[in-house]
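What follows is a short report on a single structure.
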Amino acid sequence: MIVWIAMAFIGGVFVSLSRQVNGRLSLSTSPLTASFWNHFVGLVVLTLVGLVIGGLLPPGASNAPWYAFIGGPIGVVFIASGSWLIARIGAVNTALLVISGQMVSGVVLDFFSDQPPKMWATALGVVFILGGMVLTQRRRLKRR
């Protein structure tokens with residue numbers, strides 16, 4: 001279990017580092033340029049890993065439905081908007097916004113699953129997320 005927790009932690013560190021680099025690159029160039037380089041480097045690294053480990057093109061990939069590939073365009077928009085936001089609202093607020101958005105999106109996706117979530121737990125989770133965002137904004141406004 002420790003190995004998986006460590007991998008998740010290291011993955012989070014790499015995501016944070018990537019967002020910081022993209023934000024800085026966005027300030028020097030543009031959010032779309034930062035997004036391009038993010039995806040280009042990711043393509044090269046993942047292609048090399050796929051070639052070394054194997055399974056670059058898994059069996060049945062050509063039979064996948066069209067919506068299996070929608071993650072690419074969504075990723076481009078996500079990386080470009082993240083690069084743009086970091087320069088505007090800062091890394092911490094961007095991270096909070098991303099985490100909150102992912103959690104609320106997860107709740108929405110849960111409603112469409114085969115086993116819908118308990119309504120009280122879902123509502124309580126969304127209230128905590130929104131409450132945390134409100135508290136963060138209130139503290140920032142008080143400092144001004």
Side-chain angles (χ1 to χ4, degrees), residues 1-140:
M1 186 74 165
I2 295 294
V3 172
W4 299 114
I5 293 171
M7 286 178 61
F9 180 79
I10 291 168
V13 168
F14 282 141
V15 167
S16 298
L17 181 62
S18 172
R19 287 197 182 127
Q20 291 293 327
V21 169
N22 283 341
R24 181 66 197 126
L25 183 58
S26 173
L27 287 172
S28 301
T29 58
S30 73
L32 288 178
T33 303
S35 178
F36 169 78
W37 284 110
N38 179 296
H39 285 87
F40 181 76
V41 170
L43 171 71
V44 170
V45 169
L46 290 176
T47 300
L48 291 175
V49 168
L51 290 172
V52 170
I53 293 176
L56 181 62
L57 294 174
S62 62
N63 299 329
W66 68 270
Y67 53 83
F69 300 99
I70 200 75
I74 291 173
V76 170
V77 171
F78 182 78
I79 296 298
S81 62
S83 299
W84 182 80
L85 274 175
I86 285 176
R88 306 297 184 284
I89 65 173
V92 173
N93 284 333
T94 300
L96 289 174
L97 185 64
V98 167
I99 292 167
S100 301
Q102 288 174 339
M103 294 180 82
V104 171
S105 297
V107 167
V108 170
L109 289 174
D110 281 346
F111 280 114
F112 295 106
S113 71
D114 293 337
Q115 298 176 351
K118 303 282 186 217
M119 191 58 167
W120 68 269
T122 302
L124 183 63
V126 170
V127 165
F128 281 150
I129 292 167
L130 294 175
M133 292 178 71
V134 167
L135 285 175
T136 302
Q137 294 304 314
R138 287 185 60 204
R139 287 184 190 150
R140 194 172 69 160

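Not measured: the values here are computed from a predicted model.
Within the 4.5 Å cutoff, the side chain of Leu124 has heavy atoms near those of the Phe128 side chain.
Going from atom CD1 of Ile10 over to atom CD1 of Ile5 covers 12.0 Å, rounded to the nearest 0.5 Å. Between the CG atom of Leu25 and the CD atom of Gln20 there is a distance of 13.0 Å, given to the nearest 0.5 Å. The structure places CG of Leu130 at 11.0 Å from CG of Leu135, a figure rounded to the nearest 0.5 Å. Note that CZ of Phe78 and CG of Leu85 are 9.5 Å apart. Values are rounded to the nearest 0.5 Å.
Smallest separation of non-hydrogen atoms from His39 and Ile79: CE1-CG1, 3.6 Å. Considering every non-hydrogen atom in both Ser18 and Asn38, the closest pair reads OG-ND2, 3.2 Å. Taking both residues in full, the closest heavy atoms of Ala80 and Pro31 are given as O-CB, 3.5 Å, listed atom of the first, atom of the second, then distance.
Under a cut-off of 6.0 angstrom, the local environment of CZ in Phe69 is crowded, with over 12 non-hydrogen atoms contributed by other residues, nucleotides or ligands.
Between Trp37 and Phe40, the ring planes lie perpendicular to each other; the angle is over 60°, past the 30° to 60° tilted range.
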